[in-house]
Amino acid sequence: VDGKCIPVWTFEESKAKARNAWEYLKENAPGALGGKPEEDFGVDPLDPLPPKEQAEQETLIKEKAERGERKRKAQLEVRAIPPVKRYTLPELCNEWVWLAPQKRFVNRLDPEFVLDKEAFNDLFQYLKGDASSLTRRLFGQTTDTIPKLKGAVYRPAADEFTDDGYWNGWRPSPVIAAKGDTTLFHAHIAYLFPNESDQKLLLDWLAAVLQNPATKPRHQLFIHGRIQRTGKTFFARLMRELLGRSNVQMLTQDILENGFTGWAMRTKVVWIEEVRDLTGSKKATSKLHSWASESTMTINQKNLPTFVMDQVIAFIIFSNRLDALALDNSDGRYLVLRTDVGKHPNGAPYYSAVYGDNGRGGILQTPALLSAILYELLNRPLGGYSIEQAAPSTKAKRDMIAESYSAQLQWMKDHDGGAPMRYRVKSADEIVDAMPKRLQTIGAAKNVREALRDHFRDQQREQFLLKAKTVLSEMGY
């Protein structure tokens with residue numbers, strides 16, 4: 001290497017030295033003469049350690065070896081596998097049902113446990129007997145076999161197996177109605193909704209759902225509150241306890257938008273937590289509006305055939321955004337209530353009395369309080385209120401409608417008396433051209449066309465009501 005050898009080796013000298021070194025290594029490599037390498041080199045003896053250090057060294061080596069052995073045993077240890085339940089044939093037939101349209105076996109105790117024929121045969125092949133498969137054995141028998149049903153339904157207060165051959169997903173509530181103290185229940189309602197009219201509407205809606213479990217509500221409950229953690233969701237949690245947990249499902253907006261609806265097969269009440277903004281998702285809005293008003297729903301479970309079933313679901317929707325739903329003046333599908341209060345001044349002790357702590361206490365975990373609330377709501381007179389009619393109008397709903405208008409629609413409302421809005425004939429493009437540049441965005445003409453449609457529909461409705469009122473007045477009513 002240049003600069004490292006003195007005197008400096010020439011290229012030829014370096015080449016010769018490298019060749020000689022290689023030849024020497026081949027002929028005199030350690031062990032090349034047939035012995036072990038250590039026999040060629042020998043072993044240099046170590047200087048003995050002082051007795052104390054020698055003892056410490058031996059202790060460290062022993063502890064290290066013990067740790068290694070424990071680790072090895074832990075890695076090799078086979079944990080005990082819990083025994084798999086082995087059914088008798090009568091037990092299997094009692095716990096499982098066959099739903100013909102879906103071609104699936106469903107566990108009655110855990111309806112989320114669904115198997116196709118192949119998986120069912122694999123899991124319970126020890127029961128096939130002399131048949132080629134368990135399903136052949138079961139389907140070849142008319143007695144001592146699994147229930148074979150037309151499909152699934154949800155019919156509150158009906159038996160699990162219906163007279164017309166369906167499997168009913170409804171389960172009775174464990175809460176038994178009985179008179180009792182409902183003071184804290186009403187105090188919480190009054191705290192969140194100081195307006196007595198709102199209090200009455202909330203109680204009427206809850207009572208109507210409980211009194212008519214087999215009826216599809218034609219309007220759903222929407223509770224808006226800007227401040228979080230004030231106790232709004234108490235009412236959904238209360239309905240879950242009063243109806244029975246198996247009859248109530250909690251959904252997030254993401255689940256609402258993903259398209260799978262298997263949850264609807266066993267559901268009376270759905271509560272949707274913190275809806276953010278559905279106005280930008282026409283698909284999600286359309287689904288929710290349809291579920292809110294229609295009496296049937298397409299059940300779409302992952303990797304399973306879809307089917308249509310009757311539904312009686314009541315929806316409770318919570319949001320801290322007033323523009324979460326796109327509503328118009330004719331929309332009667334939502335009873336909208338708003339709470340403007342903050343957290344209760346008594347803080348944690350108050351909410352512990354309402355919700356309980358760690359699954360104990362509070363209204364929600366006290367059977368006597370639940371029984372009293374259920375009794376009161378089941379026996380509440382509803383007067384002219386009906387969940388099968390359009391939702392009563394509230395100030396909160398009117399504010400929501402105003403908030404959900406697009407910016408273009410708001411401009412049209414603000415300029416109703418000016419050009420071109422005052423013209424009897426006008427096009428969407430003319431209206432957009434008259435707007436400020438900041439409102440002439442992509443999709444503005446589409447928003448204007450939708451706004452004009454809603455405007456004319458509302459105008460025709462008002463003209464019809466006015467004409468009807470005039471005719472009734474002339475008839476002496």
> Is the closest side-chain heavy-atom distance between Phe161 and Asn168 below 4.5 Å?
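Result no, sub-4.5 Å side-chain heavy-atom pair not found.
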> Could Glu95 and Lys85 be called an ion pair, given the rule that one side-chain N must be under 4.0 Å from one carboxylate O?
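Salt bridge between Glu95 and Lys85, a charged N being under 4.0 Å from a carboxylate O: yes.
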> Verify the distance criterion only: is there a donor paired with an acceptor across the side chains of Asn300 and Thr306 at less than 3.5 Å?
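No donor-acceptor contact under 3.5 Å links the two side chains.
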> To the nearest 0.5 Å, what is the distance between CZ on Phe318 and CZ on Phe235?
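The CZ atom of Phe318 sits 8.0 Å away from the CZ atom of Phe235.
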> Checking Lys179 against Glu376 for the salt bridge (Lys or Arg N to Asp or Glu O under 4.0 Å) test, could you report, in this order, the C-alpha distance in whole Å, the side-chain angles of both residues, the deciding distance, and whether it holds?
CA-CA 7 Å; Lys179 287 184 178 181; Glu376 180 179 306; over 6 Å; no
> Are the side chains of Val269 and Ile313 in touch, meaning some heavy atoms are under 4.5 Å apart?
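SC-SC contact between Val269 and Ile313 ruled out.
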> To the nearest 0.5 Å, how far apart are OG1 in Thr339 and CD1 in Ile189?
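Interatomic distance, Thr339 OG1 to Ile189 CD1, rounded to 0.5 Å: 12.0 Å.
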> From Leu149 CG over to Thr162 OG1, what is the distance, rounded to the nearest 0.5 angstrom?
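Leu149 atom CG to Thr162 atom OG1 measures 7.5 Å (nearest 0.5 Å).
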> Going from CD1 on Ile223 to CH2 on Trp205, what distance comes out if it is rounded to the nearest 0.5 angstrom?
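Rounded to the nearest 0.5 Å, the CD1-CH2 separation comes to 8.5 Å.
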> Any donor-acceptor pair under 3.5 Å linking the side chain of Gln211 with the backbone of Leu377?
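Looks like yes, one N/O pair under 3.5 Å.
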> For the CG atom on Asp110, are there more than 12 heavy atoms of other groups (residues, nucleotides or ligands in this structure) within a distance under 6.0 Å?
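Yes - once you tally the heavy atoms of other residues, nucleotides and ligands closer than 6.0 Å, there are more than 12.
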> Taking atom CG of Leu127 and atom OH of Tyr87, what is their separation to the nearest 0.5 Å?
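Going from CG on Leu127 over to OH on Tyr87, the span is 10.0 Å.
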> Would you please test Trp291 and Val270 for side-chain contact (heavy atoms from CB on, under 4.5 Å) and show each step?
CA-CA 11 Å; Trp291 296 341; Val270 164; over 6 Å; no
> Lys232 and Ile227: which non-hydrogen atoms are nearest, and at how many Å?
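Minimum heavy-atom separation between Lys232 and Ile227: NZ-O, 3.1 Å.
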> For Arg136, does the CZ atom have more than 12 heavy-atom neighbours from other residues, nucleotides or ligands under 6.0 Å away?
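No, the 6.0 Å shell around CZ holds no more than 12 heavy atoms from other groups.
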> Measure from NZ or CZ of Arg266 to the centre of the six-membered ring of Tyr154, then state whether that distance is under 6.0 Å and the direction lies within 45° of the axis.
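No, cation not above the ring by the 6.0 Å, 45° rule.
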> Assess whether a salt bridge exists between Asp340 and Arg338, defined as any Lys/Arg side-chain N lying under 4.0 Å from an Asp/Glu carboxylate O.
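Yes, charged N to carboxylate O under 4.0 Å.
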> For Lys148, I'd like to know if atom NZ has over 12 heavy atoms of other residues, nucleotides or ligands within 6.0 Å.
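Above 12, so yes.
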> Would you mind checking if Glu241 and Arg237 are paired as a salt bridge, meaning a charged N to carboxylate O distance below 4.0 Å?
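No, Arg237 and Glu241 are not salt-bridged.
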> Out of curiosity, Thr296 OG1 to Gln311 CD, how far, rounded to the nearest 0.5 Å?
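That separation rounds to 7.0 Å.
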> Evaluate the salt bridge (Lys or Arg N to Asp or Glu O under 4.0 Å) criterion for residues Arg380 and Asp204: first the C-alpha distance (whole Å), next the side-chain angles of each, then the deciding distance (0.1 Å), finally the verdict.
CA-CA 8 Å; Arg380 177 181 175 83; Asp204 284 347; 2.8 Å; yes
> If you apply the rule side-chain contact (heavy atoms from CB on, under 4.5 Å), what do you find for Met265 with Gln301, and how did you get there?
CA-CA 10 Å; Met265 293 174 62; Gln301 296 174 284; 3.6 Å; yes
> Taking the side chain as every heavy atom from C-beta outward, state whether Leu242 and Leu206 have any atom pair closer than 4.5 Å.
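They are not in contact (no side-chain heavy atoms under 4.5 Å apart), so the answer is no.
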> Quick check on Glu196: does its CD atom have over 12 non-hydrogen neighbours (other residues, nucleotides or ligands) under 6.0 Å away?
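No, CD of Glu196 has 12 or fewer neighbouring heavy atoms, counting only those of other groups under 6.0 Å.
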> Please determine, by modelled atom types, if Arg398 and Ser393 share a side-chain donor-acceptor pair under 3.5 angstrom.
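Yes, a side-chain donor-acceptor pair sits under 3.5 Å.
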> May I ask you to say whether Asp164 pairs ionically with Arg155, meaning some side-chain N is under 4.0 Å from a carboxylate O?
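Here Asp164 pairs with Arg155 in a salt bridge, since their nearest N and O are under 4.0 Å apart.
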> Would you call Lys216-Glu388 a salt bridge at under 4.0 Å N-O?
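A salt bridge is absent here (no side-chain N lies under 4.0 Å from a carboxylate O).
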> Step through the shown structure and confirm whether more than 12 heavy atoms of other residues, nucleotides or ligands are within 6.0 Å of CD on Glu118.
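Result for CD/Glu118: open.
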> Aromatic contact between Tyr334 and His219, with the criterion being ring centroids under 6.0 Å apart: yes or no?
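Between His219 and Tyr334, which both carry aromatic rings, the centre distance is not below 6.0 Å.
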> List the steps and the verdict of side-chain contact (heavy atoms from CB on, under 4.5 Å) for Asp144 and Leu89.
CA-CA 8 Å; Asp144 300 324; Leu89 189 61; 5.5 Å; no
